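Structure, as C-alpha cells:
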Protein chains: 2
Amino acid sequence: MDTNGLFRKFVAFTASVHQVKHEFTKDIRLDEITPLQYSMLEYIAVSQPVTLSDISDCLFMSMPNTSRELKKLSDKRLCEKLAVAGDRRKHAIRLSPQGQAMMDGVFGQMEARFMARTQDATPELLAEIEHALDVLQASVFYTERPKMGKS
Amino acid sequence: MDTNGLFRKFVAFTASVHQVKHEFTKDIRLDEITPLQYSMLEYIAVSQPVTLSDISDCLFMSMPNTSRELKKLSDKRLCEKLAVAGDRRKHAIRLSPQGQAMMDGVFGQMEARFMARTQDATPELLAEIEHALDVLQASVFYTERPKMGKS
DNA sequence: TTATTTTGTTATCAAATGATAAGTAACGAG
DNA sequence: CTCGTTACTTATCATTTGATAACAAAATAA
C-alpha cells in the first residue's frame, strides 16, 4: 500500500498544525512572557497540578532551565508552588488566580479563532472532525508513556 | 452542541502533535545545524523552490534574520540560491545535493518511526487515518492564503 | 526620467534559550 | 544510621534567536 504517500501527508499535516497553532497564538501573548514561558503556562493550564519534572519531561527542557523559567513565572505571580503531602521534595505547580485568568483569556481568544473556522461546518462535519481528532490521537499522535511515578 | 469540548480536544491534539513531532526529530538533527535552521531546511525540502520572502512569511521570521540564517545554510553547502528569470531581485532557493541527502536521511528516520506506529494498523485503519488527515487539514488546519505573488 | 515599492543584505545589539557544574534537602534501602 | 537516589536549585557561560536601523539593487509607477 502507499505508506509513503501517507507519510508525506503526515509531514505536511504536522507543518500545518504548527503554523495554525502559531497563527492562533502569536498576537495574544502578553508582554512579560517569553514564548518558552508561554508554553510552560499552557502545559500547566492543561495538566495541573504538575511537578517540575513533569514540565521538564514533557517540554524537553533540562531541570535547571525548567527551574529557572518557572521561578520567573512565580515571580510574576502567574503560578504557584504548593508543597505535596508525603514528599517534601516535590512541589505541586498550579496556575495562580492571575495566571488562570490570563490563560482563560488566551484560550478564549484561541477558541474564538477556532470557532471562526468551524462555524460554517454542519453538525455532521463537526462530528467527523471530532472523530478525526480521536482517531489520529489514538493511532499516531499518542505520546510515549513516560516512566511512571510511584504509588 | 459541545463546541467547547471540541475546542479542548483541539488544544490537547495540537499539544500531542508538537510533542510527537519533537520525539520524531529530536535526536536526528545533525550537528552543524540549529533548530531554527532545521525548520528552514524542512520547509525548503517540502516547498522548494522558495524565495526568502516565502520562508520569512511561513516561518514567521523577519527578513534580516531569515537572510542571515539562510546565509549560514548556504555557507554550509546545504542549500543554493539560483537567479530567477524575470526578476533579478529574487532567488530561487533549493536544497543542494548535500542538503537533499541530509534531509532524505532525516525524513527516512522519521518515516521509520511513523511506520513503527502504523505497522499494526489494518488497511481499514490506515484508510481512516488518511481520511482523518485530509478532513482536519481541509477544515481546521488550513493555512491562511498569504498575499499572492505575481503573474 | 524620477520616485516609489519590492526584495533582499549587512551590521549591531539585546534577550532568550541551552548546557554544565556544583550543591542541597528529602526520601528510601540496607 | 549511612549511603545512594530523587527532585530540585543556583550560578555561570555560550549560543541562538529576535529586533532594529541603515543600506542597495532591481522593478514598477508616475
Side-chain angles (χ1 to χ4, degrees), chain A residues 18 22 25-27 29-41 43-44 49-76 79-94 146-151, chain B residues 18 22 25-27 29-41 43-44 49-76 79-94 146-151:
Chain A
H18 271 77
H22 192 268
T25 55
K26 62 181 171 186
D27 49 350
R29 286 181 197 148
L30 290 316
D31 301 330
E32 312 288 334
I33 263 205
T34 71
L36 186 63
Q37 286 164 12
Y38 172 79
S39 71
M40 292 172 71
L41 280 187
Y43 173 71
I44 296 167
V50 298
T51 67
L52 245 206
S53 305
D54 291 335
I55 302 175
S56 172
D57 289 343
C58 291
L59 269 37
F60 303 98
M61 302 167 59
S62 71
M63 280 290 289
N65 292 339
T66 309
S67 180
R68 175 187 59 198
E69 297 306 316
L70 190 77
K71 191 166 188 310
K72 293 177 186 169
L73 290 174
S74 296
D75 289 347
K76 289 167 184 160
C79 63
E80 298 167 341
K81 292 195 251 184
L82 290 80
V84 155
D87 191 336
R88 275 187 294 175
R89 290 169 306 179
K90 296 185 180 175
H91 302 289
I93 298 162
R94 301 189 146 282
K147 35 188 55 82
M148 285 295 295
K150 69 309 349 304
S151 69
Chain B
H18 271 78
H22 193 268
T25 56
K26 63 181 169 187
D27 48 352
R29 288 184 196 146
L30 290 317
D31 301 330
E32 312 287 334
I33 262 206
T34 71
L36 186 62
Q37 286 164 9
Y38 171 78
S39 71
M40 292 172 71
L41 280 187
Y43 173 71
I44 297 168
V50 298
T51 66
L52 246 205
S53 305
D54 291 334
I55 302 175
S56 173
D57 290 343
C58 292
L59 268 39
F60 303 98
M61 301 167 60
S62 71
M63 280 290 288
N65 292 338
T66 309
S67 179
R68 176 187 59 198
E69 297 306 316
L70 189 78
K71 191 168 188 310
K72 293 177 187 170
L73 290 174
S74 296
D75 290 347
K76 289 166 184 161
C79 61
E80 298 167 341
K81 293 195 249 183
L82 289 79
V84 155
D87 191 335
R88 275 187 294 175
R89 290 169 306 180
K90 296 184 181 177
H91 301 289
I93 298 164
R94 301 188 147 281
K147 35 189 56 83
M148 286 295 294
K150 67 319 346 298
S151 71

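Bear in mind the structure is a predicted one, so any value in this text is a computation, not a measurement. Only this structure's heavy atoms are used, side chains among them; waters, hydrogens and symmetry mates stay out. The sequence lines fix the lettering, A, B, ..., with proteins before strands; numbering per chain opens at 1.
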Item to check | Spacing between D57(A) atom CG and dA7(D) atom P, to the nearest angstrom | outcome: 9 Å
Checklist entry - Which letters describe nucleotides 18-27 of chain C, given B = protein heavy atom under 4.0 Å from base, S = only from sugar-phosphate, - = neither? => result BBBB----BS
Item to check | Stepwise side chain to side chain contact (heavy atoms under 4.5 Å, CB included) check, M63(A) with L52(A) | outcome: CA-CA 7 Å; M63(A) 280 290 289; L52(A) 245 206; 4.0 Å; yes
Item to check | K72(B) vs T34(B) side-chain heavy atoms within contact, under 4.5 Å | outcome: no
Checklist entry - Contact class for T66(B) vs. all strands (heavy atom < 4.0 Å): base, sugar-phosphate, or nothing? => result nothing
Item to check | Rounded distance (nearest 0.5 Å) linking atom CZ of R68(B) with atom CD of Q37(B) | outcome: 9.5 Å
Item to check | Spacing between H91(B) atom NE2 and dA26(D) atom C1', to the nearest angstrom | outcome: 11 Å
Checklist outcome for this item: When rounded to whole Å, the CG to P distance for the pair D75(A) and dT10(D) reads 10 Å
Checklist outcome for this item: Closest to the side chain of L52(B), out of dT9(D), dT17(C), dT9(C), is dT9(C)
Checklist outcome for this item: Checking L70(B), T51(B), L73(B), D54(B) against I93(B) for side-chain contact (heavy atoms from CB on, under 4.5 Å), the one that qualifies is L70(B)
Checklist entry - Does a nitrogen or oxygen in the side chain of T51(B) sit under 4.0 Å from OP1 or OP2 of dT7(C)? => result no
Checklist entry - dT17(C) P sits how many Å from I33(A) CD1, rounded? => result 11 Å
Checklist outcome for this item: Smallest heavy-atom separation, A92(B) atom then P49(B) atom, equals CB-CB, 4.1 Å
Item to check | L82(B) CG - dG8(C) P separation (whole Å) | outcome: 14 Å
Next on the checklist: Tell me whether the side-chain N/O atoms of K81(B) come closer than 4.0 Å to OP1 or OP2 in dT9(C).
Outcome noted: yes
Checklist entry - Between the main-chain N or O of E80(A) and the side-chain N or O of S74(A), is there a donor-acceptor pair closer than 3.5 Å? => result no
Item to check | Rounded interatomic separation in angstrom, taking NZ from K71(B) and C1' from dT17(D) | outcome: 18 Å
Checklist outcome for this item: Between CE of M63(B) and P of dG18(D) the distance, given in whole Å, is 15 Å
Checklist entry - Which whole-number value in Å describes the distance from E32(A) CD to dA16(C) C1'? => result 15 Å
Next on the checklist: Measuring to OP1 and OP2 of dG8(C), would you say a side-chain N or O of S53(B) lies under 4.0 angstrom away?
Outcome noted: yes
Checklist entry - In chain order, what residues pass the salt bridge (charged side-chain N to carboxylate O under 4.0 Å, His left out) check against R88(B), with sequence neighbours excluded? => result none
